[in-house]
Amino acid sequence: MRVPARPRAAALAAAVVVALAGCSAGGGTGTGSGDDVPDQGYVSGDGSVTQWEPGDRQGPVEVAGSDFAGDPVDTADWRGDVVVLNTWYAQCPPCREEAPDLVAVAEDYADQGVHVLGINGVDDAGAAESFQDAFDVPYPSIDDREKRAVAALQGVVPIQATPTTVVLDREGHVAARVVGLVEGSTLRALVDEVLAEDAP
């Protein structure tokens with residue numbers, strides 16, 4: 001059962017006031033609004049942020065697959081660290097807009113035990129790697145055209161649009177979700193809160 005988000009600190013609240021946009025690949029299961037853009041292959045996300053108290057979190061989430069170079073990736077290897085999962089594909093406008101913030105978070109928090117993992121269920125290796133090169137992405141992305149990674153997530157937390165960003169705590173439980181484009185300040189606030197929690 002989804003647990004309603006609790007009131008958060010003023011800094012986080014200010015970061016999420018702005019309406020954010022998301023997109024869902026054509027034929028996907030995104031939920032839209034009156035702002036959906038016809039004939040452009042994506043559906044608007046509402047930018048909503050949901051957080052769960054430690055005792056109310058679902059999981060652990062186990063996402064595994066291969067990146068676009070064919071190397072294995074498994075979030076189980078990062079148990080004990082904070083993990084940020086982000087669904088994306090190369091032609092999704094909000095995905096391109098949020099990419100620099102995700103890159104900055106990955107670089108700035110690497111020494112604090114934070115891992116970022118992309119999940120791409122649309123692109124072939126050429127398109128995905130071109131995107132990663134263009135934005136100097138330092139973290140891996142799972143080639144999820146068989147939808148196994150998203151299915152693993154869907155069993156714990158609904159993925160309603162692309163992009164969607166999910167923050168996992170040190171035990172792999174879902175601490176937060178942003179449906180739609182995630183602002184850098186919002187993501188940093190979410191990650192900071194989870195990092196501040198006592199380690200198991």
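Computed over heavy atoms, backbone and side chain alike; hydrogens, waters and symmetry mates excluded.
Remark: D143 pairs with R145 by the side-chain hydrogen bond (donor to acceptor under 3.5 Å, both in side chains) rule, at least two apart or across chains. With sequence neighbours excluded, the residues forming a side chain to side chain contact (heavy atoms under 4.5 Å, CB included) with D71 are D67, A69, listed by chain and number. Contacts of T87 classified as side-chain hydrogen bond (donor to acceptor under 3.5 Å, both in side chains), with partners at least two apart in sequence or in another chain: none. For D74, the side chain to side chain contact (heavy atoms under 4.5 Å, CB included) criterion is met by A64, A76, D77, not counting sequence neighbours. Listed by chain and number, the residues in a salt bridge (charged side-chain N to carboxylate O under 4.0 Å, His left out) with D144 amount to none (sequence neighbours excluded). For R188, the side-chain hydrogen bond (donor to acceptor under 3.5 Å, both in side chains) partners are D108, not counting sequence neighbours.
Sorted by first and then second residue, the ring pair (Phe, Tyr, Trp, His ring centres under 6.0 Å) pairs with a member in residues 97-125 read W78-H115; sequence neighbours excluded. Pairs engaging residues 155-179 under the ring pair (Phe, Tyr, Trp, His ring centres under 6.0 Å) rule: none recorded [sequence neighbours left out]. Evaluation of the salt bridge (Lys or Arg N to Asp or Glu O under 4.0 Å) test over residues 147-161, restricted to residues two or more places apart or in two chains, returns E146-R148. Evaluation of the ring pair (Phe, Tyr, Trp, His ring centres under 6.0 Å) test over residues 133-156, restricted to residues two or more places apart or in two chains, returns F131-F135.
Distance CH2/W88 to OG/S141: 5.0 Å, rounded to 0.5 Å. To the nearest 0.5 angstrom, D56 atom CG is 12.5 Å from Q51 atom CD. Rounded to the nearest 0.5 angstrom, L168 CG and L85 CG are separated by 4.5 Å.
Side-chain contact check for P60 versus R79: some heavy-atom pair is nearer than 4.5 Å. By the 4.5 Å heavy-atom criterion applied to side chains, L117 and V63 are counted as neighbours. Using a 4.5 Å cut-off on side-chain heavy atoms (C-beta onward), V167 and V83 make no contact. Side-chain contact between Q58 and V157 is absent, with no heavy atoms from C-beta onward closer than 4.5 Å. Looking at V174 and V61, their side chains come closer than 4.5 Å, going by heavy atoms from C-beta outward.
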In residues 97-107, what donor-acceptor pairs under 3.5 Å come from side-chain atoms, sequence neighbours left out?
from: E98; atom 1: OE1; to: V182; atom 2: N; distance (Å): 2.9
from: E98; atom 1: OE2; to: N86; atom 2: ND2; distance (Å): 2.9
from: D101; atom 1: OD2; to: G184; atom 2: N; distance (Å): 3.3

Output a table of donor-acceptor pairs, distance under 3.5 Å, between side-chain atoms of residues 119-126 and any protein atom two or more places apart or on a different chain; print 'none' if there are none.
from: N120; atom 1: OD1; to: V122; atom 2: N; distance (Å): 2.9
from: N120; atom 1: OD1; to: D123; atom 2: N; distance (Å): 2.9
from: N120; atom 1: ND2; to: D123; atom 2: OD2; distance (Å): 2.9
from: D123; atom 1: OD2; to: A90; atom 2: N; distance (Å): 2.7
from: D124; atom 1: OD1; to: G126; atom 2: N; distance (Å): 3.3
from: D124; atom 1: OD1; to: A127; atom 2: N; distance (Å): 3.0

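A continuous path of Ile, Leu, Val, Met, Phe, Trp and Tyr side chains, each step under 4.5 Å between heavy atoms, connects V194 with L187, placing both in one hydrophobic cluster.
The two residues G113 and D81 make their nearest non-hydrogen contact at O-CB, 2.9 Å. Scanning both residues, A176 and L190, for their nearest heavy atoms gives CB-CD2, 3.9 Å. In this structure, L181 and P163 approach most closely via the heavy-atom pair N-CG, 3.9 Å.
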Requested in this report: Determine, step by step, whether T165 and V84 satisfy the side chain to side chain contact (heavy atoms under 4.5 Å, CB included) criterion, reporting the C-alpha distance in whole Å, the side-chain angles of both residues, the deciding distance to 0.1 Å, and the verdict.
Outcome: CA-CA 7 Å; T165 301; V84 176; 3.7 Å; yes
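The main-chain N or O of L195 is found under 3.5 Å from a side-chain atom of R170 such that the two form a donor-acceptor pair. A donor-acceptor pair under 3.5 Å is absent between the side-chain atoms of R57 and the main chain of D169, judged by distance alone.
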